[in-house]
Amino acid sequence: MSVFKNVIVYRIEPAWSQTLAEAEEALAKARFEPCGPSQEKSAGWVEPRGEANGPLVESIDSQWLVEYMIESKAVPGSVVRRKLDERCAQIEAATGRKPGKKEKKELKEDITLELLPMAFTRSARVAVWIDKAEHRLVINSGNASRADEVVTSLVKALDGFAVALINTQVEPAAAMANWLLTQEPPAGFTIDRECELKASDDSKAVVRYAKHPLDIEEVQKHITDGKRPTRLALTWDDRVSFELTHGMLIRKIVFLEGTGDGAAGGKKEDNFDADVAIATGELGQLVPALLDALGGEAAFSGAPADAAAAPKAAAAAPTTTTPADAEAEEEDAPF
């Protein structure tokens, strides 16, 4: 199971009410197109099932799946610098003067454009799950800027769509510290063998445990001395193992043996449906259980009461709702 690996969970404004057909039509206006010869980046929506000209919004057990595609080109900086030095040397030999700062900048831009058609492309696909019934958005990424980009694209495409990062009554770091101190995790959860503790003072000291028992006095002493848990490995209901971070990022998700019992096999389309149904079914239970373990969810604050101001608030949401500890890591095609 690899549909979701690192996820960021958002709360969708409850008033959003577009239908499946309306969402399909809206996303089609921002369908992905590959980079042109001199284009550095292109992004847009692609078919989650991977079938050309298929639907952009798949509904499986009433759960909507969409997928965002990002393609980029990058010219190695060393090549650009070498070409720039050669160009500057040619100008100096022909005119007797050295190019100034402004001229060098323009030359660098010209060289980059000349080399872009020969540059290799890199691509990434980001799975997005929309649970309309529970007003929940789940993005399969641990990359802060990428999640912002996906949310921004959704906000632009879907009329009235607004989100906010889910906040809990108890900070994850405080809850994790209590679980480690008392060795009493919340009901349904078990503490696994990995965690990271970080000092909040100027020392910024970090202690990491990997494949190591955490029910030891050493861990408790680190916490009582002021170190805060920033990551803690947990297992929920013997079904899903994951790592919770202090910014409410759910990382390293693994669906354990038994969660796929009864899944379809053989046909690619059947496997897709089964994978999505299992992943959304398991995470659809894990997320509420985790929120309860953190004291419940704080009030939604993604959109203002004034409907006329909603578009402005929605557009601003992505810049303020991504977990601070989301990391810059690549995501491959999840389906």
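Every value quoted in this text rests on a predicted model; they were computed, and no experiment measured them. Along the sequence shown, residues are numbered consecutively beginning with 1.
In this view, Glu71 satisfies the salt bridge (charged side-chain N to carboxylate O under 4.0 Å, His left out) rule with no residue, not counting sequence neighbours. Legend: residues meeting side-chain contact (heavy atoms from CB on, under 4.5 Å) with Ser62, ordered by chain and number and at least two apart, are absent. Taking the side-chain contact (heavy atoms from CB on, under 4.5 Å) definition, one finds that Glu171 meets it with Ala174, Arg228, sequence neighbours left out. Legend: residues meeting ring pair (Phe, Tyr, Trp, His ring centres under 6.0 Å) with Tyr68, ordered by chain and number and at least two apart, are Trp45. Residues forming a salt bridge (charged side-chain N to carboxylate O under 4.0 Å, His left out) with Lys221 (at least two apart in sequence, or on another chain): Asp225. Among residues two or more places apart in sequence or in another chain, the side-chain contact (heavy atoms from CB on, under 4.5 Å) test is passed with Ser17 by none. Remark: Arg193 pairs with Pro213 by the side-chain contact (heavy atoms from CB on, under 4.5 Å) rule, at least two apart or across chains. Listed by chain and number, the residues in a ring pair (Phe, Tyr, Trp, His ring centres under 6.0 Å) with Phe32 amount to none (sequence neighbours excluded). The salt bridge (charged side-chain N to carboxylate O under 4.0 Å, His left out) search around Lys41 returns Glu149, not counting sequence neighbours.
The ring pair (Phe, Tyr, Trp, His ring centres under 6.0 Å) pairs that include a residue from residues 83-110 number zero, where partners must be two or more places apart or lie in different chains. The ring pair (Phe, Tyr, Trp, His ring centres under 6.0 Å) contacts involving residues 191-216 comprise Tyr209-His212, where partners must be two or more places apart or lie in separate chains.
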Quick one: side chains of residues 278-293, donor-acceptor pairs under 3.5 Å with protein atoms, not counting sequence neighbours, listed by atom name and distance.
unit_1: Thr280; atom_1: OG1; unit_2: Val276; atom_2: O; d: 2.7
unit_1: Thr280; atom_1: OG1; unit_2: Ala277; atom_2: O; d: 3.3
unit_1: Glu282; atom_1: OE1; unit_2: Arg239; atom_2: NE; d: 2.9
unit_1: Glu282; atom_1: OE2; unit_2: Arg239; atom_2: NE; d: 3.2
unit_1: Glu282; atom_1: OE2; unit_2: Arg239; atom_2: NH2; d: 2.6
unit_1: Gln285; atom_1: NE2; unit_2: Gly281; atom_2: O; d: 3.3

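For the pair Glu106 and Lys101, the salt-bridge criterion is not met [side-chain N within less than 4.0 Å of a carboxylate O].
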